[in-house]
Amino acid sequence: MFEGVPLNWFLITATLMFFIGIYGFLVRKNLITMLMSLELILNSVNINFVAFNKLLYPQHLEGMFFTVFIIAVAAAEASVAIAIIINIYRRLVNIDVENMNEMKN
Amino acid sequence: MINFGYTVWIVLIPLFLFILIGFFGHKFKPIVSGIIGTSGLFASMAISYFTAYQYFFVLPKVGETFVKVIGFETTWLRFTEKLVIHLGVLLDPISVMMLIVITTVSFMVHLYSIGYMEGEKGYMRFFSFLSLFSFSMLGLVVATNIFQMYIFWELVGVSSYLLIGFYYTKDTAVAASKKAFIVTRFADLGFLIGILLLSFNTGTFDFITLTDPKGAAIAQGSGIMFLGLSTMTWSMIFIFMGGAGKSAMFPLHIWLPDAMEGPTPVSALIHAATMVVAGVYLVARLFPIFHFSAPVALDVVMYVGAFSSIFAAVIACTQFDIKRVLAYSTMSQIGMMMFALGVSGYGEEAGLGFMASMFHLFTHAFFKALLFLGAGAIIHAVHSNYMNEMGGLRKHLPITHITFLIACLAIAGIPPLAGFFSKDEILAASHQKAMWIFILGLIISGLTAFYMFRLYFSIFWGKDQHYHHTPHEAPKVMTIPLMLLSLGAIFAGLLPFSSFVTSDGKPFASHIDMAIAIPAVLVGVIGALTAMVFYRKETNIPEKISGFLGGFYRAAFRKFYIDEIYLFITRKIIFNYVSRPIAWFDRHIVDGSMNGISYVTNEVSGRIKGLQSGQLQTYAWVFVTGAVALALTFIYLWTN
Amino acid sequence: MTNNQIMFFIFSAVIVIFSILTVTSRRILRAATFLLFVLVSTAGLYFMLRFNFLAAIQLTLYAGGIVVLIIFSILLTSQVGAKLELPGLSKKIYALIAAAAGAALCIWTILQYNFPRTSIESGRTSIDDIGKALTSTGKYGYALPFEVISILLLAAMIGSIVIAKKRKD
């Protein structure tokens with residue numbers, strides 16, 4: 001049992017983080033900064049899982065395990081995304097998302 | 001009872017040959033495929049002769065009648081309890097007779113082709129097609145039911161198409177093969193309609209049931225009337241249409257002269273001795289139905305046969321391509337067989353026409369195959385098809401000369417050669433029927449003698465031509481079949497044919513009626529002598545006569561413009577008044593609707609393509625706002 | 001104010017402020033550093049909730065692994081001193097509207113909902129339990145997702161190598 005901080009507060013923090021990430025994803029032009037926004041989004045989801053786990057069902061570990069899995073997925077996603085970004089950089093010499101509007105090049 | 005199961009091998013051996021030569025022929029030297037094909041056909045021929053011996057002499061007759069025997073039968077397709085299709089071997093006098101004719105001529109042609117086709121490209125292709133043809137033709141004649149006959153009938157058409165188009169690099173050969181295929185296919189449409197009508201009416205495909213004079217099929221009689229004729233009559237007329245197509249009867253004869261584009265042995269086998277008589281065989285096979293249930297259809301057979309015969313004989317007198325002369329001669333002779341069937345009655349003496357027709361088919365196969373093979377030897381030596389480029393060949397080609405002369409005498413009906421006897425029977429039968437058809441027959445005989453001897457004298461006598469290189473006699477492998485066939489042309493007529501093949505299977509004794517034989521021979525001799533006067537020495541009589549006949553001669557020379565009429569009908573009438581509106585409909589209505597759809601799609605997509613900018617962040621923005629809007633809608637706004 | 005509340009306010013303030021800085025900073029390397037602060041504060045939240053193992057993973061994998069990966073790729077693809085160009089005003093406004101609307105909707109919904117309070121005492125989660133649960137196939141066992149994730153990681157590794165390596169053409 002965790003005293004003092006209600007679940008709502010965690011959720012609100014995570015929500016703010018999530019939509020800040022969304023905002024970053026929508027306005028940033030550089031692909032790497034977009035990737036960082038994506039990490040924010042994933043992280044906010046993790047906070048939600050953990051908070052639900054601890055404050056609603058402390059006897060189980062689902063929230064924690066899914067957080068672990070999401071971290072693993074985030075790592076995989078980051079590695080593949082960076083590989084793609086480097087490949088794009090080789091071809092276009094910049095990594096501006098607005099220059100990538102064709103499927104093949 | 002004798003087991004005739006082995007007869008199935010007569011049919012199957014050529015099939016195996018086809019598969020063997022067709023699929024593995026390239027593994028051997030070309031000559032090997034020829035030898036394999038020839039020896040296989042020899043085996044088939046030997047079995048056929050043995051079958052004939054057993055059938056005619058060993059098999060006990062039932063009440064003086066040759067019975068129909070099912071040698072072999074297997075169920076091929078079983079649709080319902082009633083609709084069952086068998087494949088098998090039916091033996092009766094005419095099918096046994098046809099087996100002998102086909103295997104003999106086919107063997108001779110195979111043997112001859114070993115020499116004739118030497119050095120040609122596609123040697124083994126030729127032999128595999130020949131085997132395919134032999135298989136289909138044999139399957140056709142032994143068919144136990146009309147459906148099997150139809151299957152092999154089409155197979156025969158296909159192999160004929162393949163063989164006419166053998167020189168597929170030559171435009172005329174390709175056109176001729178297409179023409180033959182389309183015309184016969186059109187006729188086969190009639191055949192199929194006829195089969196369906198007949199089997200629907202009688203409820204059976206089986207020949208034995210169908211043609212039993214006391215059987216249900218005939219006793220059931222006419223059935224429903226349509227346009228003043230019974231459905232039976234209509235079905236027989238449609239079936240005869242198929243037969244007329246294959247046998248090149250007027251007006252479906254136009255493919256036969258063009259079919260001479262094929263190699264000459266093919267013309268000898270398919271377009272003289274076997275396939276083209278399939279129509280005659282078909283009418284003979286269904287003769288009891290024609291006679292008892294559809295006498296009007298039998299009259300149609302008679303008129304069509306008689307007209308085709310005289311028509312072709314007149315054209316044959318004007319042609320210069322020797323193979324075309326022979327083609328028209330074939331058409332004329334088949335016309336005679338047809339009208340012999342048409343005038344025939346049923347029963348012993350009354351069925352004289354039937355017997356005469358089959359007899360003529362038998363003898364004609366020998367001397368017409370001989371004529372074609374001889375023509376092949378001549379073309380082989382001279383490298384030309386035109387008789388006005390030939391002359392004086394008797395010195396160069398002695399064996400061909402003698403055999404060709406024998407064949408000419410036989411077809412002209414000079415006793416005691418084969419043609420005399422069979423033609424005499426035909427004339428006797430037509431004399432029984434009506435005077436006019438007897439006289440027509442005499443005229444055709446005279447014309448036949450005339451054009452055959454015109455051919456003979458133009459080629460072997462006449463003026464001496466200068467050839468590029470001296471013509472030389474064909475090799476032994478080609479002359480031996482010529483000599484063997486000339487033996488057939490001499491002696492085939494001496495067979496007591498009426499004691500084997502008759503309309504009802506009951507033998508009777510036929511005799512030569514002097515009152516008919518003497519005019520027939522006289523007419524033949526006159527025709528031959530006229531030709532001798534005209535063509536033996538170089539004279540200007542033919543030019544004078546053709547000038548005198550004027551327009552008629554030109555019409556006959558242009559084959560009475562039948563091809564042109566067909567072209568007129570198809571190009572001017574069907575293309576303009578049927579195809580063009582359909583094309584218009586297709587172009588403007590069918591294509592138009594499709595074009596309209598594509599136009600609309602094009603316009604709409606042009607307008608909305610701005611939505612797909614390829615900008616990732618725009619998509620993401622739409623996605624996020626969409627998700628928020630949906631959440632808002634379904635959580636707060638749309639609650640009931 | 002309890003200790004927990006103080007800790008929470010500190011961590012969440014850091015998270016929100018540095019998140020905003022991450023998405024607005026014009027120097028890309030600084031943005032990566034701010035992201036690192038956000039992730040470390042998140043780890044702090046996990047510690048506060050007594051998920052020690054998870055917090056350790058967060059620190060090593062996220063803060064240590066992914067951020068370093070991002071910094072490497074920044075160094076490969078950008079000039080360190082360069083400032084990012086500013087996004088267009090209309091783009092900013094649209095994005096702000098979408099994000100604000102979404103945030104408002106979510107926060108409104110969260111505040112409306114009355115979550116039940118639990119009284120079960122959980123205590124500390126031992127590494128032993130986590131390991132057992134991760135390899136167990138029974139109820140509350142996570143062997144299957146674990147295997148799936150390991151195959152995913154393998155595939156991602158092979159895929160990124162194949163994509164990023166230089167082509168010979």
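To find a chain, count down the sequence lines: A is the first, B the second, and so on, and within it residues start at 1. This structure is a prediction, so every number in the text was calculated from the model and none was measured.
Residues Leu26(A) and Ala95(C) share a closest heavy-atom pair of CB-CB, 3.6 Å. Val27(A) approaches Pro87(C) most closely through the heavy-atom pair O-CB, 3.6 Å. Glu39(A) and Ile70(C) get closest at one heavy-atom pair: CG-CD1, 4.3 Å. A pairwise comparison of heavy atoms in Gln58(C) and Asn43(A) identifies NE2-OD1, 3.0 Å as the closest pair.
Annotation: Arg26(C), atom CZ; neighbour count of heavy atoms from other residues, nucleotides and ligands within 6.0 Å is above 12. Within 6.0 Å of atom CZ in Phe115(C), more than 12 heavy atoms from other residues, nucleotides or ligands are found, so the atom counts as buried in its surroundings. By the 6.0 Å contact criterion, CZ on Phe69(A) is enclosed, its count of non-hydrogen atoms from other residues, nucleotides or ligands being greater than 12.
Using a 4.5 Å cut-off between heavy atoms, Leu69(C) contacts chain A through both its backbone and its side chain. With a 4.5 Å cut-off on non-hydrogen atoms, Phe18(A) does not touch chain C at all. With a 4.5 angstrom heavy-atom cutoff, Ala32(C) touches chain A via backbone and side-chain atoms both. Contact annotation for Asn30(A): only side-chain heavy atoms (C-beta onward) come within less than 4.5 Å of a heavy atom of chain C. For Ile20(C), the parts lying near chain A are the backbone and the side chain together; criterion is any non-hydrogen pair under 4.5 Å. Looking at Ser25(C), the atoms closer than 4.5 Å to chain A (heavy atoms on both sides) sit in the backbone and in the side chain alike. With a 4.5 angstrom heavy-atom cutoff, Ala74(A) touches chain C via backbone and side-chain atoms both. The parts of Leu55(A) that come within reach of chain C are both its backbone and its side chain, each placing non-hydrogen atoms under 4.5 angstrom from that chain. Of the atoms belonging to Met48(C), heavy atoms from both backbone and side chain fall under 4.5 Å from chain A. Looking at Phe72(C), neither its backbone nor its side chain comes within 4.5 Å of chain A, counting heavy atoms on both sides. With a threshold of 4.5 angstrom between heavy atoms, Tyr89(A) approaches chain C through side-chain atoms but not through N, CA, C or O.
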Residue pair Phe18(C), Phe34(C): steps toward the ring pair (Phe, Tyr, Trp, His ring centres under 6.0 Å) verdict: CA-CA 5 Å; Phe18(C) 282 103; Phe34(C) 297 143; 5.6 Å; yes
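One finds the CG atom of Asn52(C) at 13.5 Å from the OH atom of Tyr46(C) (value rounded to the nearest 0.5 Å). Between Asn53(A) atom CG and Leu61(A) atom CG the span is 6.0 Å, to the nearest 0.5 Å. Note that the CG atom of Asn46(A) and the OG1 atom of Thr67(A) stand 4.5 Å from one another [nearest 0.5 Å].
Heavy-atom pairs under 4.5 Å with chain A peak, among Ile107(C), Val148(C), Val162(C), Leu152(C), at Ile107(C). Heavy-atom pairs under 4.5 Å with chain C were tallied for Leu56(A), Leu31(A), Thr33(A); the largest tally goes to Leu56(A). For the set Ile74(C), Leu35(C), Leu49(C), the entry with the most heavy-atom pairs within less than 4.5 Å of chain A is Leu49(C). Per-residue counts of heavy-atom pairs under 4.5 Å with chain C were compared for Leu16(A), Val68(A), Leu35(A), Leu11(A); the largest is that of Leu11(A). Top candidate by heavy-atom pairs under 4.5 Å with chain C, chosen from Ile85(A), Ile12(A), Ile86(A), Ile32(A), is Ile32(A). Contact count versus chain A (heavy atoms, under 4.5 Å) is highest, among Leu153(C), Ile130(C), Ile161(C), for Ile130(C). Your options are Ile22(A), Thr13(A), Asp96(A), Ile84(A), and the one with the most heavy-atom pairs under 4.5 Å with chain C is Thr13(A). The candidate from Leu61(C), Thr42(C), Ile57(C) with the greatest count of non-hydrogen atom pairs under 4.5 Å with chain A is Thr42(C). When Ala81(A), Gly24(A), Ser44(A), Ser79(A) are compared by the number of non-hydrogen pairs under 4.5 Å with chain C, Ser79(A) comes out ahead. Chain C forms more heavy-atom pairs under 4.5 Å with one residue of Met17(A), Arg90(A), Glu77(A) than with any other, namely Arg90(A). With respect to chain A, the highest number of heavy-atom pairs below 4.5 Å among Leu134(C), Val67(C), Leu45(C), Leu111(C) belongs to Leu134(C).
In summary, the aromatic rings of Phe10(A) and Phe8(C) are positioned with their centroids under 6.0 Å apart.
Side chains of Tyr142(C) and Glu62(A) form a contact here, defined as non-hydrogen atoms less than 4.5 Å apart.
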